[in-house]
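So the structure is just underneath, and the comments pick up after that.
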Amino acid sequence: MKKSKILFFAAIAATLVSCGKSGGGRPNFGDNEYPVVTVGTTSSSSQQTFPASIKGVQDVQISPKVQGFITQVNVREGQTVSAGQVLFVIDNVTYQSQVRQMQASCNTAQAACNTAKLSYENAQKLYEGKVIGEFELQSAINSYESAKASLAQAQAGLASAKESLSFCYVKSPASGIIGTLPFKKGALVNTASVLTTVSNNSSMEVYFSMTERDVLEMTKTAGSQNAALDGIPSVKLQLSDGSIYNHEGKVTKMSGVIDQATGTVQMIAVFPNPEKLLKSGGSGSILIPHSNASAIVIPQSCVSEVQNKKFVYILQKDNKVKYTEIKVDPQNDGNNYIVTEGLKVGDKYVTNGITKLSDGMEIVPITPERYQQKIQEQAKAMSAGDIVNAMKK
């Protein structure tokens, strides 16, 4: 029984102490004493979090330039390829025939051109010997020029046929990683078909959005958009599993257009990807750190909130408190606020018992240490009878 009384008394004492530590309640000292702290500055660090999507620096969709059946698939999903490597081969029998046909036309045109050239040279000699007239010479010249034009036309047709044949060998325009392969050998494809995507993931671009207001403030402070980008510190990337990517990135680009639907501006941060851990199409969160060497930091327990507005009680010179609105940084650690407006260095604010205060109320300011000491003294002074009476009340 005696042990249970001791535990009961200890519980009551602990309750008193906890009341002293909370911002809302306070023991009944009877002398109107409240703990007051003078505003100072301290260094603080916080970070902003933005949802983000991950893309390769260069994501290239691969489509054929000709229609036909796929005869070879030379790569597999996830394979690393180099620029110029043949990825697919499309049935090229028809295109080879066109090349041979145009080559024959080119040979015929070349022979005709050679014959026309001989005729022209012979006519020129005859004209110089006054054997033929100017009309015959001009006719030979015209025939030669026509033959040369026909040869040029045939050569152009041959070049076009060879180019069409080369399109049957679908090559990678850039180095990177092969994406999905929706078409297999034997599939009929055309110029609208996307055979795969090659993603250059040596480094990755991470897209996120900032509000128009934040971007304007940042740009005005820095003086220009480029200066604002340079002023953004190195950022971190939180992956979809909650872990932090082990390489920091840098914000390098800012969209020049505001999304009217969301009122945001798209930003791009570049991250190195030496381990190829980041994949194009992934998601995560960008973490932008903020450091302030002269921040005003106050406990959240001394702040009351009414209709999304935050207030503290500031001690005036006549020891009366003033119910004052403050503004805080939306980013916080869950225990403290960084005050941006409403408090200045040298102001004094009440830290405990704020729920029993009212605007204009006169108090007796004491230090937080003295406040805690009085709580402990009151807890020790309580007798078992006091505890019973307190419970009855």
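Between Lys162 atom NZ and Gln103 atom CD the span is 5.5 Å, to the nearest 0.5 Å. Atom-to-atom distance recorded for Thr221:OG1 and Leu216:CG is 10.5 Å, nearest 0.5 angstrom. Residue Glu136 holds its CD atom at 12.5 Å from CG of Asn122, rounded to the nearest 0.5 Å. Between Met254 atom CE and Ile268 atom CD1 the span is 11.0 Å, to the nearest 0.5 Å. Between atom NZ of residue Lys309 and atom CD of residue Glu325 there is a gap of 5.0 Å, rounded to the nearest 0.5 Å. Atom-to-atom distance recorded for Phe311:CZ and Glu305:CD is 9.5 Å, nearest 0.5 angstrom.
Between Gln155 and Cys106, the closest heavy-atom pair is CG-SG, 3.4 Å. Shown here for Asn273 and Asn201, the closest heavy-atom pair between the two residues is ND2-O, 2.9 Å. The two residues Gln48 and Asp214 come nearest to each other via the heavy atoms NE2-OD2, 4.1 Å.
Val66 and Val194 fall into different hydrophobic clusters, where Ile, Leu, Val, Met, Phe, Trp and Tyr residues are linked whenever their side-chain heavy atoms come under 4.5 Å apart, directly or through other members. Residues Tyr120 and Tyr127 share a hydrophobic cluster, clusters being chains of Ile/Leu/Val/Met/Phe/Trp/Tyr side chains in contact below 4.5 Å. Ile314 is not connected to Ile363 by any chain of hydrophobic side-chain contacts under 4.5 Å among Ile, Leu, Val, Met, Phe, Trp and Tyr, and they are in different clusters. Under a hydrophobic clustering in which Ile, Leu, Val, Met, Phe, Trp and Tyr are joined whenever their side-chain heavy atoms come within less than 4.5 Å, directly or via other members, Phe208 and Leu287 fall into different clusters. The hydrophobic cluster containing Val297 does not contain Val312, counting ILVMFWY residues as joined when their side-chain heavy atoms lie under 4.5 angstrom apart, directly or transitively.
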Open item on the list: If you apply the rule side-chain contact (heavy atoms from CB on, under 4.5 Å), what do you find for Lys279 with Ile54, and how did you get there?
Closed with: CA-CA 7 Å; Lys279 306 295 184 184; Ile54 304 170; over 6 Å; no

- [ ] Take Tyr34 and Met361 through the side-chain contact (heavy atoms from CB on, under 4.5 Å) test and state the conclusion after the steps.
- [x] CA-CA 11 Å; Tyr34 286 82; Met361 178 176 170; 4.0 Å; yes

TODO: Test side-chain contact (heavy atoms from CB on, under 4.5 Å) on Ile90 and Phe167 and set out the steps.
DONE: CA-CA 8 Å; Ile90 295 176; Phe167 291 157; over 6 Å; no

- [ ] Please test Leu195 against Ile70 for side-chain contact (heavy atoms from CB on, under 4.5 Å), starting from the C-alpha separation and ending with a verdict.
- [x] CA-CA 10 Å; Leu195 303 182; Ile70 297 177; 4.3 Å; yes

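Under a 4.0 Å N-O distance rule, the pair Glu205/Lys253 qualifies as a salt bridge. For Lys148 and Glu145, the salt-bridge test passes: some basic side-chain N is under 4.0 Å from an acidic carboxylate O.
A cation-pi contact, defined as under 6.0 Å to the ring centre and within 45° of the axis, is absent between Lys374 and Tyr371.
Side chain of Thr180 to main chain of Pro182: no donor-acceptor pair is present (N/O by atom type, distance under 3.5 Å, no hydrogens or angles).
Of the N and O atoms on the side chains of Asp241 and Ser243, at least one donor lies less than 3.5 Å from an acceptor on the other residue.
Clustering of Ile, Leu, Val, Met, Phe, Trp and Tyr by side-chain heavy atoms under 4.5 Å joins Tyr169 with Val86, Val89.
Applying the ring pair (Phe, Tyr, Trp, His ring centres under 6.0 Å) definition to pairs two or more places apart or across chains, none involves residues 69-97. The stretch residues 227-239 participates, sequence neighbours left out, in no side chain to side chain donor-acceptor pair (under 3.5 Å) pair at all.
Just one residue in the list Val215, Val265, Ile286 forms a side chain to side chain contact (heavy atoms under 4.5 Å, CB included) with Met210, and that residue is Val215.
Counting non-hydrogen atoms of neighbouring residues, nucleotides and ligands closer than 6.0 angstrom, the CD atom of Gln153 reaches no more than 12 such neighbours.
Put simply, the side chain of Leu158 reaches to within 4.5 Å of the side chain of Val99, judged on heavy atoms. In this structure, the side chains of Leu278 and Leu237 come closer than 4.5 Å at one or more pairs of heavy atoms. Using a 4.5 Å heavy-atom cutoff, the side chains of Thr80 and Lys276 are not in contact.
For Tyr313 and Tyr323, the ring centers sit closer than 6.0 Å to each other.
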